[in-house]
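Here's the structure, in structure tokens; my notes come after.
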Amino acid sequence: MSERNVVIKAVNLTKKYGDFVAVKDLNLKVYEGEFFCLLGPNGAGKTTTFLMLLGLTRPTSGTAWVCGYNVITHPVEVRKRVGFVPEVPGLYDDLTARENLTFTADLNGIPKGVREKKIEELLEKVGLSRWAGEKVSKFSRGMKQRLAIADALVKDPKVLILDEPTAGVDPAGSEEILSLLKMLTRDEGITVLMSSHLLHHVEKYSDRIAIMSRGEIVRMGSVSSLTKGENVIELELAEIDEGLISKIREIRDVKSVEQHGNKVIIIASEDVREEVLGVMSGNLRKIIGMKFTPSLERVYARYVEEGA
């Protein structure tokens, strides 16, 4: 990772509104072709961070560079190289999908002979060719988000910044959007910086994540590095069998087993549910319930919800 080009760099980036600190001493590096996600609840400072990186709001202190340009001194140069998709895209509902992209191409000075081919390619890329002539007012939330991504790609950006692109989108639509973004990083080398609060999406698609809470990055790294040893299985049993508990302790990747009344808490470095059921194969009737807490969810809860 260190050998790759740094496309986004923030150093002690801070934004205050009066006495309120929206973002505090944020330090960040995002690499070329990386899918990076800011994960955190509403009010964590994700959107404010994006606005500073885009040069749309001035930091109170600290600074940042995007594609080699200082966001404070050269904000226009930054925005030439960055495509931005806000949570509510600025599309025109009374225009068709093709007309929206044509309007953006005109604003960016793309010649007619070039833009027509580019627009058709973008509509194909985001899976909207069939609806190119339909007014955006008829589009679902997911379709609008995909069109907004195409709109951001019109100027061939090096970086895509997306603020909660799957918010309010159904599961199938969310998968389409995230698969599209992953393809852009993998096949075209575009750097994607996205915010989200949907943990399972982050865990599946991101190369690295930064967990934000109260304006600060509290954890950062790859999903595997952040979640190592954080899987939790909670078994509720009709009766406790010490022999079975001993066998569970012997399962590979199980780090600890705790007993609380009729509940057995298993903490493991991997998902060992199948192994646990295998150990209990002759005693399944004793299981009242089994709850699995995925690793990233547990990390998120500890650093954000529990305020660790």
From CA spacing to verdict: side chain to side chain contact (heavy atoms under 4.5 Å, CB included), Asp207, Ser222 = CA-CA 6 Å; Asp207 296 312; Ser222 65; over 6 Å; no
Evaluate the side chain to side chain contact (heavy atoms under 4.5 Å, CB included) criterion for residues Lys117 and Glu120: first the C-alpha distance (whole Å), next the side-chain angles of each, then the deciding distance (0.1 Å), finally the verdict.
-> CA-CA 5 Å; Lys117 181 180 178 182; Glu120 296 310 313; over 6 Å; no
Side chain to side chain contact (heavy atoms under 4.5 Å, CB included) between Val304 and Leu39, worked out | CA-CA 10 Å; Val304 176; Leu39 175 65; over 6 Å; no
Would you please test Leu101 and Asp151 for side chain to side chain contact (heavy atoms under 4.5 Å, CB included) and show each step?
-> CA-CA 6 Å; Leu101 298 186; Asp151 193 67; 3.7 Å; yes
Tyr205 and Ser179: side-chain hydrogen bond (donor to acceptor under 3.5 Å, both in side chains), yes or no, with the steps?
-> CA-CA 8 Å; Tyr205 288 95; Ser179 294; 3.1 Å; yes
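Counting heavy atoms of neighbouring residues, nucleotides and ligands inside a 6.0 Å radius, atom CD of Glu124 does not exceed 12 of them. Annotation: Lys247, atom NZ; neighbour count of heavy atoms from other residues, nucleotides and ligands within 6.0 Å does not exceed 12. By the 6.0 Å contact criterion, NZ on Lys24 is open, its count of non-hydrogen atoms from other residues, nucleotides or ligands being 12 or less. For Lys182, the NZ atom is densely surrounded, since the number of other residues' heavy atoms within 6.0 Å is greater than 12.
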Pairs under 3.5 angstrom only: tabulate donor-acceptor contacts from the side chains of residues 83-96 to other protein residues two or more places apart or in another chain.
residue : atom : partner : partner atom : Å
Thr96   : OG1  : Glu99   : N            : 3.0
Thr96   : OG1  : Glu99   : OE1          : 3.4

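The cationic group of Lys15 lies under 6.0 Å from the six-membered ring centre of Tyr17 and within 45° of the ring axis, placing it in a cation-pi geometry.
Placement of Phe36 and Ile8 within a single hydrophobic cluster is found when ILVMFWY residues are connected by side-chain heavy-atom separations under 4.5 Å, directly or transitively. Hydrophobic clustering (side-chain heavy atoms under 4.5 Å, transitive across Ile, Leu, Val, Met, Phe, Trp, Tyr) keeps Ile149 apart from Leu54. Leu107 and Leu160 are not part of a single hydrophobic cluster, where members link through side-chain heavy atoms under 4.5 Å apart. Residues Val202 and Met212 do not share a hydrophobic cluster, clusters being chains of Ile/Leu/Val/Met/Phe/Trp/Tyr side chains in contact below 4.5 Å. Val66 is connected to Leu38 through a chain of hydrophobic side-chain contacts under 4.5 Å among Ile, Leu, Val, Met, Phe, Trp and Tyr, so both are in one cluster.
Taking the side chain as every heavy atom from C-beta outward, Met194 and Leu178 approach each other to under 4.5 Å. The shortest side-chain heavy-atom distance between Met220 and Leu28 falls under the 4.5 Å cut-off. When side chains are defined from C-beta on, Leu26 does not count as touching Met52, because their heavy atoms never get closer than 4.5 Å. In this structure, Ile248 and Val272 have side chains that are not in contact, with every pair of non-hydrogen atoms separated by 4.5 Å or more. Side-chain contact between Glu242 and Gln259: present, with at least one pair of heavy atoms (C-beta onward) separated by less than 4.5 Å. A heavy-atom distance below 4.5 Å is not found between the side chains of Glu275 and Asp253. Side-chain contact between Thr104 and Asn100 is absent, with no heavy atoms from C-beta onward closer than 4.5 Å. Counting heavy atoms from C-beta outward, Asp25 and Glu216 have side chains that stay 4.5 Å or more apart.
Taking both residues in full, the closest heavy atoms of Leu53 and Leu193 are given as CD1-CD2, 3.7 Å, listed atom of the first, atom of the second, then distance. Summarising the geometry of Ile177 relative to Gly142, their closest heavy-atom pair is CD1-O, 4.1 Å, with the distance given to 0.1 Å. Nearest heavy atom pair, residue Leu123 against residue Ala132, reads CD1-CB, 3.6 Å. Minimum interatomic distance between Val78 and Asn70 (heavy atoms only, all atoms of both residues): CG2-O, 4.2 Å. In terms of heavy atoms, Cys67 sits closest to Val159 at SG-CG2, 3.8 Å. Taking each heavy atom of Val299 and Leu226 in turn, the nearest pair found is CG2-O, 3.2 Å.
At least one donor-acceptor pair closer than 3.5 Å links the side chain of Lys155 to the backbone N or O of Arg79. Arg214 contributes no side-chain N or O that, together with a main-chain N or O of Val21, makes up a donor-acceptor pair within less than 3.5 Å. With hydrogens and angles ignored, the 3.5 Å screen pairs a side-chain donor or acceptor of Ser195 with a backbone N or O of Glu164. Side-chain atoms of Asp241 come within 3.5 Å of backbone N or O of Gly243 as a donor-acceptor pair. Here the side chain of Asn27 pairs a donor or acceptor atom with the backbone of Asn12 at under 3.5 angstrom. Under a 3.5 Å cut-off, the side chain of Lys46 and the backbone N or O of Gly40 do form a donor-acceptor pair. A donor-acceptor pair is defined here as one N or O able to donate and one able to accept, closer than 3.5 Å; such a pair exists between the side chain of Gln145 and the backbone of Pro165. Listed for the Glu134 side chain is no donor-acceptor partner under 3.5 Å among the backbone atoms of Trp131. No donor-acceptor distance shorter than 3.5 angstrom exists from the side chain of Arg98 to the backbone of Ile119, with no hydrogens or angles considered. At distances below 3.5 Å, at least one donor-acceptor pair connects side-chain atoms of Arg146 with backbone N or O atoms of Val126.
Counting only residues at least two apart or on different chains, no salt bridge (charged side-chain N to carboxylate O under 4.0 Å, His left out) pair has a member in residues 55-66.
Rounding to the nearest 0.5 Å places CD1 of Ile209 at 4.5 Å from CG of Leu296. Thr47 OG1 to Ile161 CD1: the interatomic distance, rounded to the nearest 0.5 Å, is 11.5 Å. Here Tyr69 contributes atom OH and His74 contributes atom NE2; the two are 7.5 Å apart, rounded to the nearest 0.5 Å. Note: Met290 CE to Leu237 CG = 9.0 Å, rounded to the nearest 0.5 Å. A distance of 9.0 Å separates CZ of Arg115 from CD1 of Ile110, quoted to the nearest 0.5 Å. Distance NZ/Lys125 to CE/Met183: 5.5 Å, rounded to 0.5 Å.
For the pair Glu175 and Lys204, the salt-bridge criterion is met [side-chain N within less than 4.0 Å of a carboxylate O]. Ion pairing of Lys80 with Glu77 is present here, as a side-chain N (NZ or NE/NH1/NH2) and a carboxylate O approach within less than 4.0 Å.
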